[in-house]
A.B. asks: 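Could you have a look at this structure, given as structure tokens, before my questions?
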Amino acid sequence: MNWKSQLQSLKAYQPGKTTDEVKELYGLSKIVKLASNENPFGCSPYVSEFLMNSTNISHAIYPDGYAKVLRDAIAEHLNVSPTELVLGNGSDEVILIIARALLAPGKNTVMATPTFPQYKHNAIIEGAEVREVPLDENGRHQLSKMLDVIDDSTSIVWLCSPNNPSGEYIRNDELVAFLNAVPEHVLVVLDEAYYEYVVAEDYYDSLSLLKQYPQLLVTRTFSKAYGLAGFRVGYGVASENVIKMLEPVREPFNNNTLGQGAAAAALKDQQFIASCREENRKGLEQFYQFCEEDGLKYYPSQGNFILIDFGVDGNQVFEYLMSKGYIVRSGQALGFPTSVRVTVGSKDQNEGIIQEMKSFIQTGIQKQL
Ligand SMILES: *Cc1c(COP(=O)(O)O)cnc(C)c1O
């Protein structure tokens, strides 16, 4: 068969072990999953209320393909027009739609490395050339170097801020300088999957930048702080002209009925988001304190995760923690081979995993002696 030749170099997404598999493998009764940056506090009770009141929805009927109720709710929340939104089956799908609309053989696309892998993955499928610019030693985007590799054939620049997996973010003045310099034919995608967790004062206001820079597109998601990863709802915000070009690429019924309603309900509970943001800061402090006490290198994070460098093979740390019932992401798969990425959990979960990390360090030292 005539497969696209670039598919030969791609692997399907490798899901981690399920909690049930880990339980069985190690004979554990309780597993704490801190691997996918899901919200440890679940989602707003407004969502359960919506679901309980939704038992009469007919599942034989297609969802609203325009997701009007959710679209209007997001538009109102962000103070943008409903025509400035594209909704996706997770922001993963928004990324796919953008790549599909703009990338092809002969085009190139620019991104940081390490960063969220779906930009590169989709670019390869579309046959575009991928230009990766390493993060600096502080885990931050090097925007001026990214500018340097843009040329006439560049279609998209992907910026991830806060960046997964480093947790670092782009400063307001850096972003503005970048947007002033980037050529007009380039779409700048700013992935703000962790927007709700950001507290840094020199973080930019992406939505007001959208009004000044018509080549900017911002993506956000209900999967992280909103705690709705299982429902698969994300969106992009951009000028009406950009959205008009993307909409024909979108599948007609890409957001299901319950997901649309759950996301609209979750949006109404900003108190929940504020309290998750606060708890997340406290949780990050627990990890910072541990890292400082034990002399481990880490990047300060604006997300709900932290990348910690143990100075040994990340798989080793990952496997040790898994045997103790904590699932994290090994940095081996993320471009930081001696680190692990840990989702910030509840206070107790953080205490628990820090305890195990301490015992890992001690066991390691004993082995060397
Ligand atoms: C989790 C994540 C996404 C994707 O989230 P969806 O569940 O598809 O909305 C996108 N970008 C980054 C940086 C992420 O970490």
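Predicted, not measured: the structure shown is a model, and the values here were computed from it. Read the numbers this way: they start at 1 and go in the same order the structure lists the ligands and their atoms.
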A.B. asks: Rounded to the nearest 0.5 Å, what separation is found between the CG atom of Asp72 and the CG atom of Leu85?
C.D. replies: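 Interatomic distance, Asp72 CG to Leu85 CG, rounded to 0.5 Å: 9.0 Å.
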
A.B. asks: So, taking the atom named SG in Cys160 and the one named CD in Glu168, what distance separates them when rounded to the nearest 0.5 Å?
C.D. replies: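 Atom-to-atom, Cys160:SG and Glu168:CD are 12.0 Å apart.
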
A.B. asks: Can you sort out which atoms of ligand 1 are near Ser223, meaning under 4.0 Å from one of its heavy atoms?
C.D. replies: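 Answer, ordered by atom number: 6 (P), 7 (O), 9 (O).
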
A.B. asks: Could you find the nearest protein heavy atom to atom 5 (O) of ligand 1 and give me its residue, atom name and distance?
C.D. replies: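 For atom 5 (O) of ligand 1, the nearest protein heavy atom is Ser91 OG, 3.4 Å.
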
A.B. asks: Got a second to check how far Asn37's CG is from Lys224's NZ, nearest 0.5 Å?
C.D. replies: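 If we round to the nearest 0.5 Å, Asn37:CG and Lys224:NZ are 6.0 Å apart.
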
A.B. asks: Please list, in number order, the atoms of ligand 1 under 4.0 Å from a heavy atom of Cys160.
C.D. replies: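 Per the distance check, 13 (C).
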
A.B. asks: Atoms of ligand 1 less than 4.0 Å from Lys224 heavy atoms?
C.D. replies: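 Taking each heavy atom of Lys224 in turn, ligand 1 has 1 (C), 2 (C), 3 (C), 5 (O), 14 (C), 15 (O) under 4.0 Å.
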
A.B. asks: Which of the atoms of ligand 1 are close to Arg232, meaning less than 4.0 Å from one of its heavy atoms?
C.D. replies: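 By the 4.0 Å cutoff, the relevant atoms are 6 (P), 7 (O), 8 (O).
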
A.B. asks: In Å and rounded to the nearest 0.5 Å, what is the OG1 to CD distance from Thr154 to Glu129?
C.D. replies: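 Those atoms lie 8.0 Å apart.
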
A.B. asks: Only heavy atoms of Asn164, strictly under 4.0 Å: list the atoms of ligand 1 that pass.
C.D. replies: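 Result: 13 (C), 14 (C), 15 (O).
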
A.B. asks: With a 4.5 Å cut-off on side-chain heavy atoms, are Ile95 and Trp158 touching?
C.D. replies: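 Yes; the side chains approach each other to less than 4.5 Å.
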
A.B. asks: Assess Glu93 for proximity to ligand 1: is some non-hydrogen atom of it under 4.0 Å away?
C.D. replies: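 Under 4.0 Å: no for Glu93.
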
A.B. asks: With heavy atoms of Gly90 as the reference, note each atom of ligand 1 found under 4.0 Å away.
C.D. replies: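 The atoms of ligand 1 under 4.0 Å from a heavy atom of Gly90 are 6 (P), 8 (O), 9 (O).
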
A.B. asks: Under 3.5 Å, N or O to N or O, is Asp191 touching ligand 1 that way?
C.D. replies: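 N/O-N/O distance under 3.5 Å: yes.
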
A.B. asks: At the 4.0 Å heavy-atom cut-off, does Asn37 count as touching ligand 1?
C.D. replies: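 So Asn37 does not count as touching ligand 1.
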
A.B. asks: So, do Tyr169 and Tyr194 have ring centers that fall under 6.0 Å from each other?
C.D. replies: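 They do not qualify: ring centres at least 6.0 Å apart.
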
A.B. asks: Quick one: does Leu190's side chain get under 4.5 Å of Leu175's, heavy atoms only?
C.D. replies: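 The answer is yes, as the side chains (C-beta and beyond) meet within the 4.5 Å cut-off.
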
A.B. asks: Answer yes or no: is there a side-chain heavy-atom contact under 4.5 Å between Asp64 and Arg71?
C.D. replies: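 Heavy-atom side-chain distance check fails, nothing below 4.5 Å.
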
A.B. asks: Does ligand 1 have any atom that is closer than 4.0 Å to a heavy atom of Phe222?
C.D. replies: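 The answer is no: ligand 1 sits nowhere under 4.0 Å from a heavy atom of Phe222.
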
A.B. asks: What residue and atom, counting heavy atoms only, is the protein's closest point to atom 15 (O) of ligand 1, and at what distance?
C.D. replies: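 Heavy-atom neighbour on the protein nearest atom 15 (O) of ligand 1: Tyr194 OH, 2.6 Å.
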
